[in-house]
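Computation of the quantities below employed the complete heavy-atom set of this structure, encompassing side-chain atoms and omitting hydrogens, waters and symmetry-equivalent molecules. Order of listing sets the numbers, starting from 1, for every ligand and every atom in it.
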Amino acid sequence: MPGTLYVVPTPIGNLGDISQRMADTLAQVDFIAAEDTRVTVKLLNHLGLRKPMTAYHRHNLDTAGPAILGRLMAGECCALVTDAGTPAISDPGEDLVALCAGAGVPVCAIPGPCALSTALSASGLPTARFVFEGFLPQNKKNRRARLEALRREERTMVLYEAPHKLPGTLADLAEALGGDRRAVLCRELTKLHEEILRMPLEELVALYREREPRGEFVLVVEGAPPREAEPADLDGALARVEALRAQGLSLKQATAQAAEEFGCRRRELYDLTVGKR
Ligand code: SAM
């Protein structure tokens with residue numbers, strides 16, 4: 001029988017966020033697959049644990065993944081951790097989970113710290129619908145395409161960014177979405193110098209022209225206002241009814257089809273057609 005792959009989030013800054021279940025899981029598994037074993041050993045020391053570890057990071061996915069799968073298939077249990085936060089969220093893990101799920105290895109995700117949900121829940125922006133964009137592409141063409149796609153995005157957007165790229169990203173977003181778009185910049189979440197700034201993108205741009213970006217950042221941006229429905233083209237719909245009638249459709253069939261095609265109300269179109277006669 002295969003063992004289980006446990007996806008184990010770790011604190012994004014505050015060790016007080018270690019949960020009992022997280023600690024118990026790390027204590028119980030046979031080995032840990034860690035993004036950086038030097039980082040994870042500090043967490044294990046804090047918990048008073050010693051565990052065999054193997055490296056699993058974006059540069060060795062192709063070899064480390066099958067090796068970890070082999071051990072799971074042989075019955076060992078593994079905890080997957082990254083340097084901070086939830087594995088597989090802008091972090092290694094997605095491929096290993098897919099590999100295990102495809103091979104019938106049970107996957108158990110432990111809920112825990114994640115910069116995305118921490119920032120979103122603190123933002124005060126609408127949370128019923130949101131999109132997680134992670135890091136914007138660095139390649140110019142892909143970045144432009146992504147920004148263009150976000151221009152009309154109506155859901156709240158959540159982005160990660162490295163400190164040295166923050167000013168450029170703020171400027172690009174202000175240009176693409178409009179400087180007056182509301183945004184919330186979350187810095188050093190759960191840490192001593194946690195800061196949550198709520199202001200329009202253009203003010204964040206101006207602020208980070210003066211300020212050196214230090215620490216870790218999540219940016220939450222308000223979605224675009226909902227687009228107003230286009231007024232239905234009633235003249236076009238009436239002409240279409242006539243054309244469909246000429247093709248032999250009944251009045252009822254023709255108004256139903258034309259209403260569907262032109263996005264107008266069937267009854268209204270029917271009444272207009274009858275009124276015209
Ligand atoms: N998987 C991680 C998670 O679930 O939070 C995210 C890993 S990603 C490589 C690292 C990015 O997460 C950082 O560049 C930053 O955008 C964000 N981040 C991580 N910790 C943070 C913190 N304490 N405060 C603000 N942002 C943080």
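Of the possible donor and acceptor atoms, one in the side chain of R181 sits under 3.5 Å from a partner among the backbone N and O of E222. Judged purely by atom type and a 3.5 angstrom limit, S121 uses its side chain to pair as donor or acceptor with the backbone of T118. A donor-acceptor contact shorter than 3.5 Å links the side chain of E35 to the backbone of D83.
Closer than 4.0 angstrom to ligand 1 by heavy atom are I12, A84, G85, T86, I89, S90, D91, C114, A115, F135, Y160, E161, C186, E188, L189, K191, E216, F217, V218, sorted by chain and number.
For the pair K165/Q138, a side-chain contact is recorded, criterion being any heavy-atom separation below 4.5 Å from C-beta on.
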Practice task
Step by step, work out the salt bridge (Lys or Arg N to Asp or Glu O under 4.0 Å) result for E195 and R211.
Solution key: CA-CA 14 Å; E195 181 181 46; R211 224 192 205 203; 2.9 Å; yes
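Counting all heavy atoms, side chain and backbone alike, P113 lies closest to T86 at O-OG1, 2.8 Å.
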